[in-house]
Amino acid sequence: GIQVEQSPPDLILQEGANSTLRCNFSDSVNNLQWFHQNPWGQLINLFYIPSGTKQNGRLSATTVATERYSLLYISSSQTTDSGVYFCAVVSRAGGTSYGKLTFGQGTILTVHP
Amino acid sequence: NAGVTQTPKFQVLKTGQSMTLQCAQDMNHEYMSWYRQDPGMGLRLIHYSVGAGITDQGEVPNGYNVSRSTTEDFPLRLLSAAPSQTSVYFCASKGLTEAFFGQGTRLTVV
């Protein structure tokens, strides 16, 4: 099956710093999402981005599907950005697989005040 | 619009007990699924359904049963709980684009 690798595994920042999280995937995809898991365990949808670039406030994401990677940018980080960031993809295999999300291991982000 | 609703949020079971985790969505999505999250292992797919009456196994199906009698509901059953099933469980619902997750159920089996 498709493999998803995220880097770095851990990231520690001071408030106000910028960061880039990376997601590599091993096969063609027709769905890619970024999630933030907050300290209470909730999975928050950040971006649905199978290709192209999107921005939402201080966060933006870019997926280059032909090169099989996606980047999540966090600018001017805040302590509330702390948590785990997951990338999840759906392989382009089709059929009943259209909803099967495969998750990366996540990046644990800690933002200190 | 509630999205995806899971109950309960927390549960402690004794080994061998059975229980059902409930999941309901109000987005009229055909695709629903259950994941478990264990430390250091990300989320892994247990079972999924592409519509009422249709279910299939995911990556880690052993010890779990599912059924889908309506579009809205997709319960997950543990018939005989084992300590290895201690985990956080998430239900997801997906339409043509993005998936949405419930708030999770933290299950401890002692």
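Chain letters run A, B, ... following the sequence lines, proteins first and then strands; every chain starts at 1. Keep in mind that what you see is a predicted model, and the values were worked out from it rather than measured.
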ask   = So which of B:Phe101, B:Phe100, B:Tyr35 actually passes ring pair (Phe, Tyr, Trp, His ring centres under 6.0 Å) with A:Phe35?
value = B:Phe101
message = To the nearest 0.5 Å, what is the distance between CD on A:Gln37 and CZ on B:Phe90?
response = 5.0 Å
request  = Report the distance from atom OH of B:Tyr48 to atom CG of A:Leu101, rounding to the nearest 0.5 Å.
outcome  = 12.5 Å
query = Pick from B:Gln37, B:Gln103, B:Arg44: which one has the most heavy-atom pairs with chain A under 4.5 Å?
reply = B:Gln37
query = Picking from B:His29, B:Lys94, B:Glu30, which has the most non-hydrogen pairs under 4.5 angstrom with chain A?
reply = B:Lys94
request  = Go through the atoms of B:Glu59 and report whether side chain, backbone, both or neither lie under 4.5 Å from a heavy atom of chain A.
outcome  = neither
inquiry  = Is B:Leu45 in contact with chain A via its backbone, its side chain, both, or neither, using a 4.5 Å heavy-atom distance?
reply    = side chain
task = Name the member of A:Gln105, A:Gln33, A:Gln42 that forms the most heavy-atom pairs with chain B at distances under 4.5 Å.
result = A:Gln33
Is [Y] reachable from [X] through a run of hydrophobic residues whose side-chain heavy atoms are each under 4.5 Å from the next?
X: B:Met32; Y: B:Leu76; result: yes
X: A:Val90; Y: A:Phe86; result: yes
X: A:Ile49; Y: A:Leu21; result: yes
X: A:Leu13; Y: A:Tyr85; result: yes
X: B:Tyr64; Y: B:Val60; result: yes

request  = Tell me, yes or no, whether the heavy-atom count around A:Glu15 atom CD, taken from other residues, nucleotides or ligands under 6.0 Å, exceeds 12.
outcome  = yes
ask   = Is the backbone N or O of A:Asn45 less than 3.5 Å from a side-chain atom of B:Glu98, with the two atoms forming a donor-acceptor pair by type?
value = no
task = Spell out, as yes or no, whether a donor-acceptor pair under 3.5 Å connects the side chain of A:Asn31 to the backbone of B:Thr97.
result = yes
request  = Please state whether the side chain, the backbone, both or neither of A:Phe47 comes within less than 4.5 Å of a heavy atom of chain B.
outcome  = neither
